[in-house]
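Below are the structure tokens for one structure; questions will follow.
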Amino acid sequence: MSLIVQKYGGTSMGSPERIREVARRVQRFVKEGHQVVVVVSAMSGETNRLLGLARELNPDADPRELDVIASTGEQVTIGLLAIALHKLGLKARSYTGFQVRILTDDAYSKARILSIDEANIRKDLAEGNVVVVAGFQGMDAKGNITTLGRGGSDTTGVALAAALKADECQIYTDVDGVYTTDPRVVPEARRLETITFEEMLELASLGSKVLQIRSVEFAGKYKVKLRVLSSFTDVNSTDMGTLITFEEDDTMEQAIISGIAFNRDEAKITVMGVPDKPGIAYSILGPVADANIDVDMIIQNASSDGTTDFSFTVHRNEYKRALQVLESKVKGEIGARAIVGDDRIAKVSLVGIGMRTHAGIASLMFKTLAEERINIQMISTSEIKTSVVVDEKYMELAVRVLHRAFELDQPPTEEHLKP
Ligand code: ADP
Ligand code: ASP
Ligand code: MG
């Protein structure tokens with residue numbers, strides 16, 4: 001007998017019929033003799049609907065109240081799933097995150113899990129119950145309701161699996177695993193049987209929303225066996241989805257590039273005509289950091305006449321605030337000529353641990369984009385990724401041509417394998 005945590009996302013819980021299917025799948029695992037803890041998301045579209053209602057009343061609503069509202073979607077689906085399980089003759093009990101005592105910090109809308117009290121869950125499991133837990137929510141030390149960021153039910157699932165030392169955490173969604181890129185954008189995308197934890201972490205952080213990044217971080221920290229699977233297959237399907245692995249095993253399929261991620265989450269800001277002298281980056285980015293705005297990519301151009309342009313990207317949600325900070329606290333101070341911004345950009349990234357040992361990846365990437373006449377506005381690289389910023393309107397084209405150029409639709413051949 002093993003202990004399995006299963007997480008079902010919004011589409012998987014999207015209607016009473018889908019919930020019945022989830023219950024049948026859970027029943028199968030119970031019949032096989034496993035203990036099952038199920039984490040669920042709100043029905044698809046529900047969290048957006050709830051936040052939309054709040055925004056209608058006030059676009060600038062109090063974050064504490066937004067979390068009170070956003071967390072309710074999951075309270076509905078835990079109850080519905082418990083009812084569906086009862087109907088199949090199973091013992092099941094549902095819990096909100098607060099009832100479990102999923103303790104988080106107090107950063108509303110992006111809270112981090114600090115601890116989980118798993119005693120009651122263990123007791124319920126020992127008594128033969130399926131335990132159904134609301135994803136995406138917790139409470140802070142003062143008892144305020146918090147949420148874990150969009151897509152946060154993944155993190156609830158993996159964190160619970162870590163706390164319970166579960167044998168496996170299964171993330172059920174509307175695709176049957178992790179693909180070389182989003183299969184909705186590139187139909188030829190190929191499913192990966194395995195992907196290393198490091199690559200998954202990069203893909204998630206660069207925009208592949210199949211797993212929330214914090215769930216991958218948890219899996220890494222606590223070595224949770226994590227799998228992504230489809231809830232749309234037959235409930236008796238033995239499909240194994242994609243396994244996130246921790247060891248780089250030479251016998252495993254291992255391409256130089258594992259996948260392509262993309263997102264439209266960022267905006268670019270350029271401070272023009274700043275004096276090129278020591279301390280200038282600090283003068284610009286210090287006030288931005290003080291305003292709690294994270295900066296991602298940064299470029300400073302060479303100077304010709306003693307002045308230079310300084311560009312960086314921030315999350316789109318922080319774009320307006322960052323512009324305000326620069327206008328009020330930086331422009332006059334440093335004597336910049338102008339501050340311009342562009343929130344119609346996209347970031348496209350190649351990810352693969354094989355990049356460590358292979359040169360020429362970036363140049364093939366740039367050549368491919370050049371052939372399509374896609375202008376690269378910014379570049380950033382690390383050991384296992386190369387990212388470029390392009391005009392948002394070329395994002396999907398860029399992903400498709402790169403997918404083809406790196407032959408990601410083909411299983412890796414000998415020459416693509418790591419040495
Ligand atoms: P859930 O509601 O189950 O959490 P999400 O919508 O959050 O589902 O995540 C699943 C979606 O992630 C898929 O429908 C797919 O469009 C998208 N996705 C993005 N990148 C990838 C990828 N590399 N592999 C698989 N799916 C991806
Ligand atoms: N319901 C939340 C969201 O839409 C959490 C999740 O689905 O993981 O972001
Ligand atoms: Mg999700």
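Counting convention: from 1, in listed order, for ligands and their atoms alike.
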Protein contact of atom 1 (P) of ligand 1 - nearest heavy atom, named by residue and atom, plus distance
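The protein heavy atom lying closest is Thr173 OG1, 3.5 Å.
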Glu74: heavy atom below 4.0 Å from ligand 2, yes or no?
yes
Taking only heavy atoms of Asp174, which atoms of ligand 1 are found under 4.0 Å from at least one of them?
10 (C), 11 (C), 13 (C), 14 (O)
Between Lys347 and Asp265, does at least one N-O distance fall below 4.0 Å, as a salt bridge requires?
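No, this pair does not count.
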Would you indicate whether Lys123, at its atom NZ, is surrounded by more than 12 heavy atoms from other residues, nucleotides or ligands within a distance under 6.0 Å?
no
So if I count the atoms of ligand 2 from 1 in the order they appear, which ones are less than 4.0 Å from some heavy atom of Ser41?
6 (C), 7 (O), 8 (O)
Other residues, nucleotides and ligands only: do more than 12 of their heavy atoms fall within 6.0 Å of CZ on Arg227?
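Yes, the 6.0 Å shell around CZ holds more than 12 heavy atoms from other groups.
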What is the nearest protein non-hydrogen atom to atom 7 (O) of ligand 1, stated with its residue, atom name and distance?
Lys209 O, 3.5 Å
Do ligand 2 and Asp154 have nitrogen or oxygen atoms that lie under 3.5 Å from each other?
no
Salt bridge check, Arg191 against Asp239: does any charged N sit closer than 4.0 Å to a carboxylate O?
yes
What orientation do Tyr172 and Phe29 show, parallel under 30°, tilted 30 to 60°, or perpendicular over 60°?
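Because their plane-to-plane angle is over 60°, the rings of Tyr172 and Phe29 count as perpendicular.
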Between the side chains of Glu396 and Arg184, is the shortest nitrogen-to-carboxylate-oxygen separation below 4.0 Å, so that they form an ion pair?
no
Give me the residue, atom name and distance of the protein heavy atom closest to atom 2 (O) of ligand 1.
Gly10 N, 3.1 Å
For atom 25 (C) of ligand 1, the protein heavy atom that lies nearest, with its residue and separation:
Gly177 O, 3.4 Å
Check Lys7 against ligand 1 and report side chain, backbone, both or neither, counting heavy atoms closer than 4.0 Å.
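Near ligand 1, Lys7 shows its side chain, while the N, CA, C and O stay back.
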Are more than 12 heavy atoms from other residues, nucleotides or ligands located less than 6.0 Å from atom CZ of Arg150?
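Yes, the 6.0 Å shell around CZ holds more than 12 heavy atoms from other groups.
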Hey, is CD on Gln75 packed in by over 12 heavy atoms from elsewhere, all under 6.0 Å?
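No, the 6.0 Å shell around CD holds no more than 12 heavy atoms from other groups.
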Can you find a non-hydrogen atom of Gly152 under 4.0 Å from ligand 2?
yes
Using a 4.0 Å cutoff against the non-hydrogen atoms of Val178, which atoms of ligand 1 qualify?
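The list of qualifying atoms is 24 (N).
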Using ring-ring contact (aromatic ring centres under 6.0 Å, His included) as the criterion, list what pairs up with Phe232, not counting sequence neighbours.
none
Between Pro183 and ligand 1, which residue portion shows a heavy-atom distance shorter than 4.0 Å: side chain, backbone, both, or neither?
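It is the side chain that gets close, since no backbone atom is under 4.0 Å.
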Out of Arg150, Gln212, Glu46, Lys209, indicate the one that has the non-hydrogen atom closest to atom 9 (O) of ligand 2.
Arg150
Close approach of Gly151 to ligand 2, heavy atoms, under 4.0 angstrom:
yes
Counting only heavy atoms from other residues, nucleotides and ligands, does the tally under 6.0 Å from NZ of Lys165 exceed 12?
no
Between Glu198 and the options Val351, Leu203, Thr245, Ile384, the side-chain contact (heavy atoms from CB on, under 4.5 Å) test singles out Ile384
Measure Thr180 to ligand 1 on non-hydrogen atoms and call it side chain, backbone, both or neither using the 4.0 Å cut-off.
neither
Where the closest heavy atom to atom 27 (C) of ligand 1 is concerned, which of Val210, Leu211, Thr242 has it?
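Nearest heavy atom to atom 27 (C) of ligand 1 lies in Val210.
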Proximal ligand 1 atoms for Val175, defined as those under 4.0 Å from one of its heavy atoms:
13 (C), 14 (O), 25 (C), 26 (N)
Suppose we measure from atom 24 (N) of ligand 1 to each protein heavy atom; which comes out shortest, and what is that distance?
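Nearest neighbour among protein heavy atoms for atom 24 (N) of ligand 1, to 0.1 Å: Tyr179 N, 2.8 Å.
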Identify the closest protein heavy atom to atom 15 (C) of ligand 1: which residue and atom is it, and at what distance?
Asp182 OD1, 3.3 Å
Just to verify, which of Leu211, Thr155, Asp154 counts as forming a side-chain contact (heavy atoms from CB on, under 4.5 Å) with Val216?
Leu211
